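Since the structure is predicted, the reported quantities are computational estimates derived from the model, not experimental observations.
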Amino acid sequence: MRHPLVRRLAAYCGAAGLITGLLAVAAPAASAADTTTDLGVTFDSYTADLVVGAGRVFVAADDRIIVAGTDGNLTGDVVTGLPGVRELAMNADDTRLYAALAGSNEVAEIDTASLAVTRRIDLSAHPCPSTLALLGERLWVGHGCYDNGPGGLVGLDLGAATPAPVAVEGEHLRAPVLAAAGDTLVVGLTGLHHADMLVYDVAGGTAEPRGTIDGEEWRMDYLRDLALTSDGTTLFAAADAPGPFTRYDTRTLAATGTYGDGWDGYPSAVALGPGGAYIAAGRQWGSIDLTLYDAATGAVMFAADQPDAELVSDGVAFSGPDVFVLLRSSADRLLLWRVTGAALPASKLTVTAPAWEYAGSPVTVEGRLTRADGKTLGIKPLAVTRRLINGIKEPITGVTTQKNGTFTFEDTPPDIGEVTYWVFWDGDDRYRRSSASATVAVRHRSTLTMTGPQSGVVGTPMELTGVLTAGGRPPSPGATLTVQRSVSIDNVSAGSVKLPPVRVNADGTYTFTDTPATAGRYSYLAVSSGDAKAGPAKAIHRIMVE
């Protein structure tokens, strides 16, 4: 059982001395174009997997593989009879799907066209096969049961009619996590503090040790997932500690950078996008489920969260520019979340509006939609939503950018209070969607009056009175006025003085007195600065004192 606060603080402290993290910047959130599909499975664990290929998404869940389209919708196809299916792997031409069956100690080979199980490879001598890494015709299988002895790693030659498992030297506490690419296989130890990652050269078809990425040296605790670049030279790891996602060189066995920090959640899944340009990073037990990083710079390109669901370890995969994520809902349902266009080039949306406006007056909202480099995207439809302070949301239709990317619209809010205008562009097949907002404080128009004598005598108190209203009604309780007295003698200023604050009565009336000390022309300026519900107002009264 992990203790989130303690573990998170420890992860952060461990990361502080490791490596200087790469640059991170703010990113847009998920959009209404995303889809979340209930896969029809009540899920009582965090063991599931997904793989994308052959134009579909395959999800391993308990005793079956559920099939969805790349639009995120279920196709209705299900491959059953797969006891304890754990991890999946797809071959290079998307014709064969492999499934590790911990329940029957087998690896199932499935034809992706017919979805028929074409053969079952016996691994009874290596119980609980759970993790897979496929490289050409060589399938690496991590095995291990929690209560039935140590785990390990075997290799299978899929080109053989009856593949015979070849054990790789070494025992592991549990089934290791695996990643294979180029001529490199990485075997990550699981369920351990200071989890080592064993690096092998597999160019010759057998696993030859190249070295170990030391878990104690790099403070790697409770490893969850691994990903390799296509040439096998760069490794990305997701583990509880040091907190960020960490990048390693598989040749020097050294850490070379980090992505994010330990405050958004525990790193639990990592996947590389097309060409290795982006990293999709999934977290558990935190404020952000999915973050997309630029692999080269570490900049945050995108971030999104599903507040009522928790990400499943190893549950992230790319489908072109989209990202698929496996989630477990608060009702223990397995969900497939499709985040659309996450890996497309960024767009930029700006929105401006006045800080405040009077009730009944139109609010003018302006902005611009461009590419990240500032170049225009042309005429694009925008979705605009007005959100009132009471939570009511209403669409504002017909907002479109001009050729230069600018847009403007007017709206008259129905009531006072803060009004937020959310502007959203849904993106296209070339650029990622973006959103921005502006908030306007809508206030009543206030009026302030002040009356008093036209003349006075030095040393005699003078009484001044008036009324403050906001929208034709008394102001908010506790309203006060600032009063400034200015005096001029023979048309020459004799200075000004701020008088004590004047409290406004519940009915909006107020009274104050002042005793002149010298003769001259007295000018009294009363000012109400307003509040969240009422705008400012002022009143002036002049008295000749003899």
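With contacts defined as side-chain heavy-atom distances shorter than 4.5 Å, the pair Val323/Val316 qualifies. Taking the side chain as every heavy atom from C-beta outward, Leu123 and His143 never approach each other to under 4.5 Å. Counting heavy atoms from C-beta on, the side chains of Val325 and Asp289 never come closer than 4.5 Å.
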Review point. Between Val187 and Leu178, is a side chain to side chain contact (heavy atoms under 4.5 Å, CB included) present by the stated rule, with each step listed?
Key: CA-CA 5 Å; Val187 180; Leu178 308 175; 3.9 Å; yes
Going through the checks in order, is the salt bridge (charged side-chain N to carboxylate O under 4.0 Å, His left out) test met by Arg210 and Asp183? CA-CA 11 Å; Arg210 186 185 298 169; Asp183 58 3; 3.6 Å; yes
*asked:* Is there a side chain to side chain contact (heavy atoms under 4.5 Å, CB included) between Phe236 and Thr229? Walk through the geometry before answering.
replied: CA-CA 8 Å; Phe236 302 90; Thr229 54; 3.8 Å; yes
Is there a side-chain hydrogen bond (donor to acceptor under 3.5 Å, both in side chains) between Thr256 and Arg247? Walk through the geometry before answering. CA-CA 6 Å; Thr256 58; Arg247 185 183 66 202; 2.8 Å; yes
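Summarising the geometry, atom CG belonging to Asp308 is positioned 6.5 Å from atom OG belonging to Ser329; distances are rounded to the nearest 0.5 Å. The line from OG of Ser130 to CG of Asp49 is 11.0 Å long, rounded to the nearest 0.5 Å. In this structure, the separation between CE on Met220 and OG1 on Thr246 is 4.5 Å, given to the nearest 0.5 Å. Once rounded to the nearest 0.5 Å, the distance linking CG of Asp249 with CG of Leu235 reads 10.0 Å. Note that CG of Leu189 is 9.0 Å distant from CG of Leu173, once rounded to the nearest 0.5 Å. From Thr36, atom OG1 reaches atom CH2 of Trp337 across 7.0 Å, with rounding to the nearest 0.5 Å.
Ring geometry for Trp218 versus Tyr248: interplanar angle over 60°, hence perpendicular rather than tilted (30 to 60°).
The shortest heavy-atom contact between Val85 and Ala61 is CG1-N, 3.9 Å. Of all heavy-atom pairs between Leu311 and Arg283, the closest is CB-O, 3.5 Å. Scanning all heavy atoms of the two residues, the minimum distance from Gly276 to Ala295 falls at O-CB, 3.3 Å. Across every non-hydrogen atom of Leu336 and Ala68, the tightest pair is CD2-CB, 3.8 Å.
Neither side chain, Thr42 nor Asp332, offers a donor N or O lying under 3.5 Å from an acceptor on the other. Side chains of Tyr222 and Arg224: a donor-acceptor N/O pair is absent below 3.5 angstrom, by distance only. With no hydrogens or angles considered, a side-chain donor-acceptor pair links Thr118 and Glu109 at under 3.5 Å. If you check the side chains of Thr420 and Thr439, you find a donor sitting under 3.5 Å from an acceptor.
A distance-only check finds a donor-acceptor pair linking the side chain of Asp221 to the backbone of His194 [under 3.5 Å]. A distance-only check finds a donor-acceptor pair linking the side chain of Glu310 to the backbone of Trp285 [under 3.5 Å]. Listed for the Thr350 side chain is no donor-acceptor partner under 3.5 Å among the backbone atoms of Ala436.
Tested against Pro129 for a side chain to side chain contact (heavy atoms under 4.5 Å, CB included), the candidates Leu156, Asn105, Ile121, Val154 yield a single pass: Asn105. In summary, of the residues considered (Ile66, Leu335, Leu74), a side chain to side chain contact (heavy atoms under 4.5 Å, CB included) with Thr37 occurs for Leu74 alone. With Arg338 as reference, Asp322 is the one residue of Asp322, Thr35, Asp34 to meet the side-chain hydrogen bond (donor to acceptor under 3.5 Å, both in side chains) rule.
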